[in-house]
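Computation of the quantities below employed the complete heavy-atom set of this structure, encompassing side-chain atoms and omitting hydrogens, waters and symmetry-equivalent molecules.
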Amino acid sequence: MVSAAIYVRLSEEDRTKLNKGDDSESITNQRNMLTDYASERGWDIYDIYSDEDYSGSDDTRPAFNRMLSDAEDRKFSVVLCKSLSRFARDVAMVEKYINGLFIEWQIRFISLTDYADSSQKGSRKNIQINSLVNQWYLEDLSENIRATMTGKKKQGQYTGAFAPYGYIKDPENKHRMVVDDEAAAVVRRIYRLYLDGYGNKAIANLLNDEDIPCPSKYRLLKGFHSNRKGEVAEGLRWSDHTVWHILRNPNYVGDLVQGRYGKPSYKSKTSKEKKSPDEWIVVEGTHEPIVSKEDYERVQAAKISRGQHNRNAGTSRAVLNVFSGIVKCKLCGRSLVLSGSGRLNKGARYLRCAGRKSGIANCTCAMVKYEMLVDEITVRVRELIAAYCDPEQLEKHAHKRDFSGEITSLQKAKDRNLFELKRVGDALSSSYIDKTSGALSEDDFALISTNLRDKREKLEDEDKHLQSQLDKLFEKRNAVDRMNHIITQYRDFLELDRDIIRAFIEVIRVGERDSETNDFDLEIVYNL
């Protein structure tokens, strides 16, 4: 008996499109339609896989991935969907599974409303066309949503998931912010403390000492919408990073500032990138201010004078930190950040673990004087140049071996191998089509497909071996060029800078300090 898997999906966009009483895309409707189809043909239903509130381009759908795992284990032979778009709206995903792995796994794909059946000749082109149309739909939908949201922002409507700390969404108008008096009082206090000379860390420590809930914990305690889970509420504390963001938020002066971050496309899974201020959408006077514009501007001016206006760049201190992003804590893995030690030590600068500095991590990583680390790394790099970048040795290695002939020969072998791999893949697809059409018996198909898969596996192993040999040759050839370049450019350097560090060092790790000797654990991972 044929065993079938039923896959149904409903996204949030589908849900909002439905009129009252209209369940044409509902989970129940999809399930009923597909179970009836299977029953009429006497097929056994192995399982019904259901995803709700997931986009068709999302490859993290839990039921979808469970179905794929069962398909690979050959637990059923047919996948049933109402339409191709229920399975996926992404061309690459359709090609990977329906026109790729499903053939290998001997899985037949059927979608009812667009008459797709992978066992029928010519169906592959129809599936490709339909998946392309579905992807166009997603792209158009994304552009429409983006345009709609931009329009709302320009009209002064707040579009965020939840309001900034100090505000809540108006219960009568979710696109408008109103002051939350309890949290707003904390925001005003943070601004006053900063103008009185307190730093971000000092303010965070003061609020923690007084058991004032940080913004994330406050939302959880009040039952507001939050991106945090309730079970972690007790572990949430104020950090200098949180204070820094509050002191930089222009919405507190009563102007609605949106569109500060964005993604290149709807497919992007990377974190949002910050836009330049001239791209922000600003509408003045949309809500009650918590902080006066005068105080806000005074804080921004104070941040610039203290070198804190931009945490990543734009100040003299940030530029002078040649170790930025390179020095890591050996204990918790966070970066060591540059900070001053205060007036008592005449402005000496130290590198401190970001986790320990902000209070996020209870870390015992050593605090390292910046100038001392510069001196130490300078000595280490000069020793490395003397030991590994001897000009005579470089000249000797440069003429010892010509890699071009070996690389060309291996590349030709790799091209021949890839061509043969494509031939095997085409033969496997053709044999599957012949089996589904009856031109090839099950036994013959099993024998042919087994031989083809074995051959493909050997070809894939050979391809990996050839690529490994090529990589080693390129690495050896590039090593000579790299060493020549390094010795020429940095042999007589006078002062350590970021370019020199990047040329020689991958990462520097700092551990604990020895209480008796006062030495600290220092590990350097070199690029060479």
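The main-chain N or O of Y158 is found under 3.5 Å from a side-chain atom of H175 such that the two form a donor-acceptor pair. Distance alone, capped at 3.5 Å, is enough to place a donor-acceptor pair between the R61 side chain and the D58 backbone. Distance alone, capped at 3.5 Å, is enough to place a donor-acceptor pair between the N65 side chain and the D59 backbone. Between the N251 side chain and the V257 main chain, a donor and an acceptor come within less than 3.5 Å of each other. The backbone N or O of I212 sits less than 3.5 Å from a side-chain atom of W238, completing a donor-acceptor pair. Checking side-chain atoms of T378 against main-chain N and O of V374 turns up a donor-acceptor pair under 3.5 Å. Between the side chain of R248 and the backbone N or O of V243, no donor-acceptor pair lies under 3.5 Å. For the pair R9 (side chain) and Y54 (backbone), a donor-acceptor distance under 3.5 Å is present.
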Report the C-alpha distance between E210 and R189 in whole Å, list the side-chain angles of each, state the deciding distance to 0.1 Å, and finish with yes or no for salt bridge (charged side-chain N to carboxylate O under 4.0 Å, His left out). CA-CA 13 Å; E210 296 180 9; R189 187 182 178 195; 2.6 Å; yes
One pair to check against salt bridge (charged side-chain N to carboxylate O under 4.0 Å, His left out): D70 and K75. What are the steps and the verdict? CA-CA 6 Å; D70 290 345; K75 293 182 178 179; 3.4 Å; yes
Start with the C-alpha distance between D519 and R513, add both sets of side-chain angles, then the distance that settles salt bridge (charged side-chain N to carboxylate O under 4.0 Å, His left out), and finish with yes or no. CA-CA 6 Å; D519 293 332; R513 188 179 294 277; over 6 Å; no
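Checked by atom type, the side-chain pair Q467/D463 shows no donor-acceptor distance below 3.5 Å. For the residue pair D180 and Y165, no side-chain donor N or O sits within less than 3.5 Å of a side-chain acceptor on the partner. No donor-acceptor contact under 3.5 angstrom links the side chains of N249 and Y296, judged on distance only.
Inter-residue side-chain proximity for D255 and V283 is flagged as unmet; no heavy-atom pair is nearer than 4.5 Å.
Aromatic ring centroids of Y526 and F504 lie 6.0 Å or more apart.
By the neighbour-count criterion of 12 heavy atoms within 6.0 Å, atom NZ of K330 is densely surrounded, having more than that number from other residues, nucleotides or ligands. The number of heavy atoms from other shown groups lying within 6.0 Å of NZ (K96) does not exceed 12.
Between K293 and E297 there is no salt bridge, since no side-chain N of the basic residue sits under 4.0 Å from a carboxylate O of the acidic one.
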